Each structure stands twice: as structure tokens, then as C-alpha cells.
Amino acid sequence: MSTDTPPLPDDTTRSGGDITVNGRITPLGDVTPHTTALEWLRGRGLTGCKEGCGEGECGACAVLVARPGVDSPTEWVAVNACLLPVAALDAQEIRTAEGLGSPDRLHPVQHEMAVRGGSQCGYCTPGFVCSMAAEYYRAGRRASPDGDVTGHDKGPNGFDLDALSGNLCRCTGYRPIRDAAFALGPPVPDDQLVQRQQAPTAPPRPVRLRHGGREFVRPASLPDALRRLREQPTATVVAGSTDWGVQVNLQGARAESVLAIDRLAELRKLMITPESIEVGAGLALSEIERRLAGRVPLLAHMFPLFASRLIRNRATIGGNLGTGSPVGDTAPVLLALAAEVILVSVDGERRVPLADYFTGYRRSVRRSGELIRAVRIPRPLAGLVAFHKIAKRRFDDVTSVAVGFALDVVGGTVTRARIGLGGVAATPIRARATEAALEGNPWSAATVAAAARSLRREGTPQDDHRSSAEYRAAMLGQSLLKLYAENPAPYEIAAVPGGRIAAATEHQAERRPRNERAV
């Protein structure tokens, strides 16, 4: 990807913004609305940041961004610089691999990668280092008391290998990289990045950047965003940019107007009451995962299977629903949870059951000028839940079939069943015929066998490059049989605030690192 900046046209408006890069305030300069952080950094000589795929699949472009924290005022998170518009980083702080250490004074992560042979050609190494550094500085990381490895994905030092799930290496092999990760001790107290975590991040500020007749705007508030969207209904709304960034890089998308909503405080709330859990549409999935801390077990199933940590650090629940993709992973889960979408415009708010939200392929009831403000999950939660994702790779892959289950079994009878499906129709759907076949019947092998036959017929699966219609139908039926095999009769658990977790096979088998992909 070229990093040459084209001549500025006469109608360019300078934003006057800046970004703190490796501790130094750096003017944003004259950039287009679609200029990525990767291009911008490389144009300033920070060439450790690499482009490998342009779609958030390889992690060669990973950098650290300071974000409001869950366990500390600020936390360092790793993101894909190739997908992120650099204008979205205005007034924020980032660290690249060059800003972690130097040749004569390596950062602990860089040192361990070097001494344990974690790098050969080195192309992917800066991205690995940044992802590893984000986990190194994670406030909740704790060493195992007995010093043992706690499973394949957790080291004795508390290092979670999921942090590297979005990074690929083609030549080194993952064992020395894993060894380097598991050898890291805690950061020293006077580490400047540790000290930075104790102070809050700078508040977001409005941005308006014009270049060549196109503009990038971050409004000051949700009302400002809604007014602007009323005036420009065709504006491209961007939150995490994990979808639009791919379109920019691989399809040459160039929006006339980009409206950034990722830092609007009104979209970043998470409220838990006895009646419901309301999740702001602008929260990144990793933020939701940390804040919920397992309170919604069905969502807890989904998070590890949703792309990679790098993607989840930017992708939002509102963006995943807003695209209307039939293979988005959040929709089947939220359908099973009987969630509602809260839509907002200058005219006010309205609630729409997610089961009624999708109207066709990438179409919904969302009107011109409306945004998704939040998703509301009613309580109490179902007692028996599971999320089954079928894809060509175990992790970090696009779904062929996804099934979300939420059932209540009382007195040996299925009293309530909600099943969400993805990848088997033009939209995510509820498996209503199968739900009816379960409700009011015993939780038994006979009931489940009959309902599994019904589930095979749900939707309108098609043949495509991911799988055949026949395979999709077979997997639907198998998913319910698998749920029963893991939770056979006699089984009884009523709706409870937490619910019992019915674990999918992906979580039972010993797992390889996600970046070890099947070919």
C-alpha cells in the first residue's frame, strides 16, 4: 500500500488535530478521511508497522492504543492499524514497536522474543510484540500460585495466549513465541507505560477533516451525531471500523462523508438491573467481555470465537448488527437471548425485538437518520445455554453455521426455548418451528431427536465456498443432538440470573493457539 500523500486540493480544511505517538505529540497533518493509521505511521518513518493482509487477519500492523480501562484508569490495547482511520485517533495516545524499546535497551517483551528465537524473517515480529505487550501490561494478569501452566492457553505467569490470536507467523513457528510469552514476569513499578495506566485518558474531542470533497467528522455528542445524520443520511457511520476498513483497503471504498461514533459517551454505557442488561452499541466487544465478567454466559461462549482479540478490541456490538450480515456472530446469540435493539434518532427512541429487526440481506427496519444506541437483554437469563459455531478453522474464521441456544427445563419439561441461527438464510433468524417442537415437551432423547429433524429444515441454506447447503442442514441437526448429549435427562435448571453454561466442543478439547490455522 502506498504511503505517498497526494497534493492537497484547494478545499482542504485542516483539522488541527494531533496524536501522541511514542510519547511525543505529533500533528495529524493533512490526511484523507480514509488514510489508515498504518499509512500515516509508515509515512512518518515508523516502519515496524507492516501491512500483511489489509483486513485484520495477520496482525503485522498491530499497535498499542491507550483506552479507558476496566481494572485501571487507562489500559493499553492492541489494534489493527491497517483498519483504523488515523483521524479516529485524534487526541489519543499510541505506541508502536519502536516506542517500546531500543536496540541498546530492549523492552522485556522484545528481549524474550529475541533470546528465545521468536523471530526469523521479522516481518510479523513488531505486531507480535505489540499484542504481547498489551497482555504484558494487562492489570488483571496474575501468575499461577504453584507456577504451573494452567491449560494450553494460559501460562504460569498468567499470560493469556488469546492475546496473540490475531497474529500470524509464517516462518518462526509458534512454540518459541509461546515460550517468550510465558517467560514474561510482571512489569517493574517504574515502567513508564505502567505509570501511564494510573492516569485517565484524554477526553474525546470533536474532529472535522475535509480533503478533496470528502470529510471525516467526530461529533461532540449523540444529539450532534443524530442531527448530522438527519442532514446527511448517506454518511458512512463508523465505530470500530473493522468492516469499513476492509472495504477501504480491499475494495477501494471512499466515502463522501464518514461519521465516527466510537467515542460518544451515550453509546458506551453498560447498565445492569434486575430486569435487563443494556449494552451500549459503541462499546468494543473486549470491553463488554471484561465488564460483564461472565454475567451473560451465552455471550461468554461467543466472545472467544468472535474473530481475534485484535478485532474484538475495536469491533462493536452495534456495528456487528448494523451491517446486517447473515453470518455475524452476535446476532444468533442475541436472538436466543430475546434481545431488543434500541434505535435512536432526532425524533426519539424506539425498541425493536431483534427477531423483527432484519428484513432482508443486509437490510433492517432501521430508518434513515437512526442509529443503534444499545442492545437490551431481558432478565432472568435462560438456564441452559450454548453457542455452537461451525467454520473451516476452529478460531478466527467466518461462520458457516452458528447456533445460539437458550432453554429452560423445569420438572423435566422444556418450558421455554429460544434458538438463534446464523449462516442459514439471508438474515439471522429464530428457529421458531424447533422452539415449538421443544416447548412443553420432556427434555428427552425422543423429544430432541424430533426437534433436531425440525432444526435441519430451518432457514434456506445455500451452497457457497464455505460449505454446502446439505452440510449446513446436517450441522443444524447435530448441534441440538450435541446439546442434549452434553446435558442429558434427567436435567433440570430453571431460569437463573447467571444460568448454567453448556460448553461447546471448542472449549472442551485441548486447544491449539488460534494462530495455528488449519490449511
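Model, not experiment: these values are computed from the prediction. Index from 1, following the sequence.
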Taking side chain as C-beta onward, heavy atoms only, is L292 less than 4.5 Å from I277?
yes
Nearest 0.5 Å, please: how far is SG in C53 from CG in N80?
7.0 Å
R309/D162 ion pair, N-O < 4.0 Å
yes
Indicate whether the side chain of T330 and that of N320 have a donor and an acceptor atom separated by less than 3.5 Å.
yes
What verdict does the salt bridge (charged side-chain N to carboxylate O under 4.0 Å, His left out) test give for E349 and R376, after you've listed the backbone C-alpha separation in whole Å, the side-chain angles of each residue and the deciding distance to 0.1 Å?
CA-CA 13 Å; E349 286 191 358; R376 181 182 181 275; over 6 Å; no
Those residues that, when tested against E439, pass side-chain hydrogen bond (donor to acceptor under 3.5 Å, both in side chains) (two or more places apart)
R418
Counting C-beta onward and ignoring hydrogens, is there a side-chain heavy-atom pair between R141 and D160 closer than 4.5 Å?
no
Decide, yes or no, whether a salt bridge links D262 with R314 under the criterion of side-chain N to carboxylate O below 4.0 Å.
yes
Hey, are the side chains of T172 and T125 touching, using non-hydrogen atoms and a 4.5 Å cut-off?
no
Donor on one side chain, acceptor on other, R312 and S165, under 3.5 Å:
no
What I'd like to find out is whether the side chain of F405 reaches to under 4.5 Å of the side chain of H388, using heavy atoms alone.
yes
Going by the rule side-chain contact (heavy atoms from CB on, under 4.5 Å), which residues pair with V352 if we only count those two or more places apart in sequence or in a different chain?
L343, R350, D356, Y357, V365
Would you call R263 and D90 a salt bridge, using N to O less than 4.0 angstrom?
no
Pairwise side-chain contact, L270 with E278, heavy-atom cut-off 4.5 Å (strictly under):
no
Do P33 and L209 have side chains that approach each other closer than 4.5 Å (heavy atoms only, starting at C-beta)?
yes
Taking NZ, NE, NH1 and NH2 as the nitrogens, is one of them in R290 or D71 under 4.0 Å from a carboxylate oxygen of the other?
yes
Side chains of D329 and T399: donor-acceptor distance under 3.5 Å anywhere?
yes
Salt bridge or not between R268 and E287? Use side-chain N to carboxylate O under 4.0 Å.
yes
Who pairs with S454 by side-chain hydrogen bond (donor to acceptor under 3.5 Å, both in side chains), at least two apart in sequence or on another chain?
T434
Does L285 reach the side chain of F303, with side-chain heavy atoms less than 4.5 Å apart?
yes
A quick test of your reading: do over 12 heavy atoms of other residues, nucleotides or ligands sit less than 6.0 Å from CD of Q462?
no
Does I377 reach the side chain of L334, with side-chain heavy atoms less than 4.5 Å apart?
yes
Test item: D179 side-chain N/O and F182 main-chain N/O as donor-acceptor pair under 3.5 Å
no
Enclosure of E470 CD (heavy-atom neighbours >12, cutoff 6.0 Å)
no
